[in-house]
Amino acid sequence: MLTGAGVSAESGVPTFREAQTGLWEQYDPMDLATPEAFARDPELVWRWYRWRRDLVAGAEPNAGHRALAELQSLVPRLTLVTQNVDGMHQRAGSSDVIEFHGNLFSNRCSAEARIVNAADDDDGVPSCPDCGGYLRPGVVWFGEAIPEEALHASFAAAADCDVFLSVGTSSLVYPAAGLADVAREAGAVTIEVNPSPTSQSESYTASLRGNSGMVLPQLVESLAH
Ligand code: BV8
């Protein structure tokens, strides 16, 4: 299954495309979440990510996240691939989550391209304790490759599943949005959970129109009994 920003909406974490409020209203996340933005103004990009880290740290997983954690014990095999970088699935109890776009709370050395768990200071651009290069948030920006292991594990699971569940994603960002096609071509039943239609809705076997915090607990309830 694949989740997107919509699964965290009911935790008060705005979705990717509505995330910008207050100071950030004037910026388009598509512009900020890029290597070009970081090269141009690393301090601005760090301010944005720190703002998002605070937002997520102050939020709690919702009933939708908890239902997916419960679902793991109700089905023979569940591969949870998330586009979200907020770590909410893990906080709700899901294990072996594949973070397709990385994690907001990890840092990466922009020179050595490896995770560096250095505590970054409260402002400015933190530097790598090893090489002195800039640290950057450990997320995948637009134009950057998905981590090899996450990419392969996700597409292998999509090609080998009976049911593909897509929750809370606009299905606009690739290659994540291509997972549903792979599952469909492999003969899986595909189900979309989203209060609104998406660019891929027509191709799904079924679309459950509703908020994931409402729909997922009902889905799990029906499976558990
Ligand atoms: C790649 C981490 C190649 C960062 C994110 C031109 C140049 C370069 C690349 C491209 C290009 N044109 C196209 C591309 C490819 C590009 C792409 O797909 N662009 C799109 C926008 C056209 N993709 C990439 O660049 C990817 N890399 O292609 O690399 C390559 C290969 C080899 C070597 C080098 C390069 C990398 C993409 C990763 C970008 N990083 N996040 C960060 O977070 O800061 S993506 C970002 O969007 C978030 O992760 C987010 O999750 C993701 C997708 O958005 P959604 O999750 O779907 O969220 P959205 O807000 O859109 O929708 C929310 C949905 O929830 C809505 O449908 C709403 O109705 C619903 N909803 C609302 N409330 C609820 C709900 N649903 C349920 N319940 C509710 N209560």
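In listed order, ligands and their atoms are each counted from 1. For this chain, numbers begin at 1 and follow the sequence in order.
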Margin query: With a heavy-atom distance limit of 4.0 Å, tell me whether E144 approaches ligand 1 through its side chain, its backbone, both, or neither.
Written below: backbone
Notebook entry, point to check: Looking at ligand 1, does any of its N/O atoms fall within less than 3.5 Å of an N/O of S170?
Noted result: yes
Check: For W141 and ligand 1, does the shortest N/O to N/O distance drop below 3.5 Å?
Finding: no
Notebook entry, point to check: Does atom 10 (C) of ligand 1 have a protein heavy-atom neighbour under 4.0 Å away?
Noted result: no
Check: Protein heavy-atom contact under 4.0 Å for atom 63 (C) of ligand 1?
Finding: yes
Next item on the list: Flag F142 as yes when one of its N or O atoms lies below 3.5 Å from any N or O atom of ligand 1, and as no otherwise.
Entry: no
Margin query: Closer than 4.0 Å to some heavy atom of Y49 - which atoms of ligand 1 meet that?
Written below: 4 (C), 42 (C), 44 (O)
Notebook entry, point to check: With atoms numbered from 1 as shown, which atoms in ligand 1 lie under 4.0 angstrom from a non-hydrogen atom of N84?
Noted result: 51 (O)
Note to self: For atom 25 (O) of ligand 1, which of the options G143, S199, P197 provides the nearest non-hydrogen atom?
What the structure shows: G143
Notebook entry, point to check: Looking at atom 78 (N) of ligand 1, would you say a protein heavy atom lies below 4.0 Å from it?
Noted result: yes
Check: How many angstroms lie between atom CG of D181 and atom OG1 of T190, to the nearest 0.5 angstrom?
Finding: 9.5 Å
Checklist line | Residue E10 vicinity, atoms of ligand 1 by number, heavy atom under 4.0 Å | finding: 78 (N), 79 (C), 80 (N)
Check: What atoms in ligand 1 come closer than 4.0 Å to a heavy atom of A5?
Finding: 55 (P), 56 (O), 58 (O)
Next item on the list: Check the surroundings of atom CG in D96: do more than 12 heavy atoms from other residues, nucleotides or ligands lie under 6.0 Å from it?
Entry: no
Note to self: With a 4.0 Å cut-off on N to O distance, would you call D130 and R114 a salt bridge?
What the structure shows: yes
Next item on the list: Answer yes if L80 and V167 sit in the same cluster of Ile, Leu, Val, Met, Phe, Trp and Tyr residues linked by side chain heavy atoms under 4.5 Å apart, and no otherwise.
Entry: yes
Check: For atom 68 (C) of ligand 1, which of L208, N194, V167, L216 has the closest heavy atom?
Finding: N194
Checklist line | S207 side chain to E192 side chain, donor-acceptor N/O pair below 3.5 angstrom | finding: yes
Note to self: Quick check on contacts: which atoms of ligand 1 are under 4.0 angstrom from a heavy atom of M30?
What the structure shows: 21 (C)
Note to self: Does any N or O of ligand 1 fall below 3.5 Å from an N or O anywhere on T198, backbone included?
What the structure shows: no
Check: With a distance cut-off below 6.0 Å to the six-membered ring centre and an angular limit of 45° from the axis, does R108 pair with Y134 as a cation-pi contact?
Finding: no
Notebook entry, point to check: If hydrogens are left out, which of L151, L2, V140, L172 has an atom nearest to atom 39 (C) of ligand 1, that is, the closest non-hydrogen atom?
Noted result: V140
Checklist line | Verify atom 14 (C) of ligand 1: protein non-hydrogen atom under 4.0 angstrom away | finding: no
Next item on the list: Find all atoms of ligand 1 within a distance of less than 4.0 Å from any non-hydrogen atom belonging to V85, and give their numbers and elements.
Entry: 2 (C), 43 (O)
Margin query: Check for me whether R136 meets the cation-pi criterion with W141, that is, NZ or CZ under 6.0 Å from the six-membered ring centre and within 45 degrees of the ring axis.
Written below: yes
Next item on the list: Could you tell me whether R47 and D41 make a salt bridge, using a distance below 4.0 angstrom between a side-chain N and a carboxylate O?
Entry: no
